[in-house]
Each structure stands twice: as C-alpha cells, then as structure tokens.
Amino acid sequence: MLIVQKYGGTSVGTLERIEEVAKRVIKTKNAGNDVVVVVSAMSGVTNKLIEYAEFFTKNAPCSPEMDMLLSAGERVTSALLAIALTQKGYPAIALSGRGAGIVTDEIHTKARITEIDPTSMFSNLKEGKIVVVAGFQGVSKEGRVTTLGRGGSDLSAVAIAGALKADLCEIYTDVDGIYTTDPRIEPKARKLEKISYDEMLELASMGAKVLQNRSVELAKKLNVNLVTRNSFNENEGTLITGETNMEQVLISGIALDKNQARVTMRSVLDKPGVAADVFTKLAEANINVDMIIQNVSKEDGTTSIGFTVPQNEMETAKKVVESFARSVEIDADVVKVSVVGVGMKSHSGVASLAFKTLADEGINIQMISTSEIKISMIVAAKYGELAVRALHKAYKLED
C-alpha cells in the first residue's frame, strides 16, 4: 500500500515528539507500505514567525516575503524528521513544497494548489526512501514560494494523496477523531466511527478544528480515503467517506465558530445591481463572506445589508463597503452555531427543534443560514457554548 501520513504541530511539537513520529512512520514502513509524510511546523513556530514580522509592521502584508518567512517552520520539521528516520536506518528525504512539485496560484499567504507533479516523490519512493514533505506550502508558476493558509498542511497531504493515488491518507492530530461536538464544551460528546465528506466539510467550514475545510473538499473531489487519528495513542480514528448507508443518521454534529464578525451596512441604495457590486468588491479583496441577510426596503428607497466575515478580515471588509452605505457597523461579539447532518435531507422538523431549543434557553438568533445538511445561526458570543450544549442534548447526540 501507499500511505500518506500528515502530522500536525502538536504531534511534532518537540524533538522528542518528532522522534515518536519517526517510530510510528517506521512501523508503517515495516508493515510493507510505501510512506509519504507531510508535516506542519512545530507547535507555536508559525505564530512566533508572525510576531517577528509584526515587530516591523502590525499589519503584516500578504506578500512573497511573508510566505518565505512562514514556510520556514515546515521545512525545519521535515528536515528534522528525515534526519531522525535516516539515523534509525531508514533512508529518508526531506522535500519542500517546491521539491514535491506542488504548484499554486499567486495569492500569497492563502494560495490554492493548481497542480502537483509527483515525479520526484515517485522516484524517491521507488528507491525505497521515506519521503517527508514540508506541508502548508508550494511554489507559484513564477517561482515564488507560496503558503496555503492556516491548516494548509492538511490540504498538502490530501492533494499529495490524490496526485500519488495513495491507498490511504491519515491525518494525525492530538485528538482521537471527529466528535459530535467539542468535548471541551460538552463532556458527553461522542466520537464518530465515520462521517460523510459533505458533513465533515460543513463541520470544518462551521468551526470544527480537526480538519481544514479545503482539505475535506479536495478529498471528496479526488475520492481520497481519509482517516483522522491521534498521534499519541493507537485508538481507531474516524473515517471520512461517502454517504453510503448513512441516511438513517439524522444529525452528526454541532459546531461552534468563534472567529466571526457581523458587518451591517445601513441606508444602502435599494436598486438592482447594488448588492452585486458590494459582494464583487469583497470578492476582489479576497474576503470570505459567509452569511448574508438583506432587510425589506424602506420608504426612502434604502435598505440594510448584513453579512459575516472572519474577525481578522472585518476591518478590511468595512473599508471595502463604506462607500456603499451611510454607515457601517461591526460586531465581533458574536459566534456561529451550526447543526449538521445528512439526515436533514429526508427528515422534517430539524430546523424547528433548533429554533425552539435556543428559544427555551432565552437565546436570540440574529442571523440564519441553511442548506440541505446544515443550519447555521449567529448568536451573541456569551451564549455560544450554552447553545452548543443545549442543541447537543436536544438532538440526543450523546446516545
């Protein structure tokens, strides 16, 4: 078998942990498998590099130089792991994103992978080497180093697994798998044996931190067999798969996203094309808009438009839309609570139960967004964890 393994920052957080990762990789190799390992930076390193940049400017630019800086952490880890493996008698080679053939677009600090040339990786595997790839990074067609955004090492691993047509992609973190919600919020949260790509994508998009949402989206597209495991024990993880035989599952999980800000535009001219212009400008600024709501037009021909963005993009979003409104307000004291499950497609009453549950707890819903398999609600931040516990109990997810 050809197996791609990815180890996150906590899994490689110290030299001793890197050595433990080496032992796990060797165990996989000794079982007769070819192994490609994708690694993150050691825990805390990326934040430290950002602090270095902020010594010179508090608004670190999305520039090629920033990507050169941020990509260093993963290269250090990959080199150290390759050294550890080689010293234990298992030939290994460390590759940067460029060395692994990962080509991206040119949007610095949050680039997207456009193609992978696996020639170098296949060549080294054929020679019997363990290939260790620095995650989170690639190279633009113009030859500049790029990074893939927070959690980008997951994306690197899935993309590599797809390019190599690997039999399995294992994502190792510091948790046992995917839970019905964050166990730190609800101790009765239950680990799931399997979950569909679509559900995992919604949970990842809505704030679940185990997997990066873009990596799940790519795994579905490339049909990569994806498993999340704990790098500190031998427990079975969670399989992310298709929806076969999963229709009987009503709700799979409750997600809480604290990285939300609500932007409200007041007295916006209410005529065709204005909303299109607003969100075109936001898209051109690479701002990720999530939930959107527009109020009924007033007698003076204006309306209000509200939308949510990640907190680190709220000031930029405000500047982009100020010319369209009489005033723009920002509220960062909100969170998004989401109910996710493929069973919503074939069961009624899921939304009404969510709304009633929050009403019974005295929690006011500020915004609502729905799809076939999810209901998301914006509420005041102080009620976020209470909402999660109440919804987890209402849908009997501990059973």
Side-chain angles (χ1 to χ4, degrees), residues 1-9 11-13 17-18 21-22 24-26 28-29 33-42 45-46 67-68 70-86 90-104 111-140 143-173 211-212 214-215 218-219 222 224 226-227 229 231:
M1 290 178 66
L2 172 54
I3 297 177
V4 175
Q5 296 182 336
K6 179 263 176 178
Y7 293 90
S11 301
V12 294
R17 288 185 177 179
I18 291 175
V21 166
R24 190 180 287 267
V25 172
I26 288 170
T28 305
K29 179 70 173 176
N33 303 298
D34 289 326
V35 188
V36 175
V37 186
V38 178
V39 292
S40 298
M42 297 170 72
V45 167
T46 301
D67 275 346
M68 279 286 288
L70 296 180
S71 65
E74 281 73 15
R75 294 201 302 272
V76 169
T77 309
S78 63
L80 289 172
L81 180 56
I83 291 169
L85 290 165
T86 301
Y90 291 80
I93 182 170
L95 299 176
S96 65
R98 180 197 299 265
I102 300 175
V103 181
T104 75
R112 290 186 173 273
I113 296 173
T114 57
E115 60 182 290
I116 295 181
D117 179 359
T119 304
S120 176
M121 290 185 285
F122 273 131
S123 176
N124 283 288
L125 289 170
K126 190 174 181 179
E127 293 175 7
K129 295 178 182 177
I130 296 171
V131 177
V132 185
V133 180
F136 176 63
Q137 63 191 263
V139 61
S140 70
R144 299 303 302 264
V145 173
T146 55
T147 61
L148 308 177
R150 285 286 187 179
S153 292
D154 287 351
L155 188 63
S156 299
V158 172
I160 287 171
L164 296 174
K165 300 191 184 305
D167 297 286
L168 186 65
C169 181
E170 299 177 324
I171 306 294
Y172 284 91
T173 67
L211 285 173
Q212 191 230 39
R214 285 165 61 196
S215 67
L218 189 60
L222 301 178
V224 171
L226 197 59
V227 176
R229 302 187 191 280
S231 59

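Remember, it's a predicted structure, so these values are computed and weren't measured experimentally.
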Closest contact, heavy atoms only, Ile116 versus Ala100:
CG2-O, 4.0 Å
Step by step, work out the side-chain contact (heavy atoms from CB on, under 4.5 Å) result for Met42 and Leu80.
CA-CA 11 Å; Met42 297 170 72; Leu80 289 172; 4.2 Å; yes
Only pairs under 3.5 Å count here: list side-chain donor-acceptor contacts from residues 118-125, not counting sequence neighbours, and write none if there are none.
residue, atom, partner, partner atom, Å
Thr119, OG1, Asp117, OD1, 2.6
Asn124, ND2, Ser120, O, 2.8

List the steps, then state whether side-chain contact (heavy atoms from CB on, under 4.5 Å) holds for Tyr7 with Val25.
CA-CA 10 Å; Tyr7 293 90; Val25 172; 4.0 Å; yes
Quick check: does any side chain N or O of Thr77 sit under 3.5 Å from a backbone N or O of Ser40, one acting as donor and the other as acceptor?
yes
Before giving the answer on side-chain contact (heavy atoms from CB on, under 4.5 Å), spell out for Leu211 and Leu226 the whole-Å C-alpha distance, their side-chain angles and the decisive distance to 0.1 Å.
CA-CA 10 Å; Leu211 285 173; Leu226 197 59; 4.1 Å; yes
Are the side chains of Leu81 and Val21 in touch, meaning some heavy atoms are under 4.5 Å apart?
yes
If you compare all heavy atoms of Val158 against all heavy atoms of Val224, which two are closest, and at what distance to 0.1 Å?
O-CG2, 4.0 Å
Is there a donor-acceptor pair under 3.5 Å between the side chain of Arg214 and the backbone N or O of Gly149?
no
Let me confirm one number: the CD1-CG distance from Ile113 to Leu218, rounded to the nearest 0.5 Å.
7.0 Å
Taking only residues at least two apart or on different chains, which pairs with a member in residues 163-172 satisfy salt bridge (charged side-chain N to carboxylate O under 4.0 Å, His left out)?
Glu170-Arg229
Measuring from atom CD1 of Ile102 to atom OG of Ser140, what distance do you get when rounded to the nearest 0.5 angstrom?
13.5 Å
Any donor-acceptor N/O pair, Asn33 side chain to Thr28 backbone, under 3.5 Å
yes
What's the separation between atom CD1 in Ile130 and atom CG in Leu85, rounded to the nearest 0.5 Å?
4.5 Å
With Thr104 as partner, the option from Thr114, Thr146, Asp67 fulfilling side-chain hydrogen bond (donor to acceptor under 3.5 Å, both in side chains) is Thr146
Listed by chain and number, what are the side chain to side chain donor-acceptor pair (under 3.5 Å) partners of Ser231, not counting sequence neighbours?
Ser11
So Ile93 and Glu127, do their side chains get closer than 4.5 Å, heavy atoms only?
no
Which atom names give the shortest non-hydrogen contact between Ala166 and Val4, and what distance separates them?
CB-CG2, 3.9 Å
On a heavy-atom basis, the closest approach of Val38 and Ser153 is CG1-O, 3.8 Å
Do side-chain atoms of Arg98 reach the backbone of Gly143 as a donor and acceptor pair under 3.5 angstrom?
yes
Just wondering, do Ile160 and Lys6 contact through their side chains at under 4.5 Å, heavy atoms?
no
Mark yes when over 12 heavy atoms from residues, nucleotides or ligands other than Arg112 sit less than 6.0 Å from its CZ; otherwise mark no.
no
Test side-chain contact (heavy atoms from CB on, under 4.5 Å) applied to Val45 and Val76, step by step:
CA-CA 10 Å; Val45 167; Val76 169; over 6 Å; no
Would a distance-only check, ignoring hydrogens and angles, find a side-chain to backbone donor-acceptor pair under 3.5 Å from Gln137 to Ser71?
yes
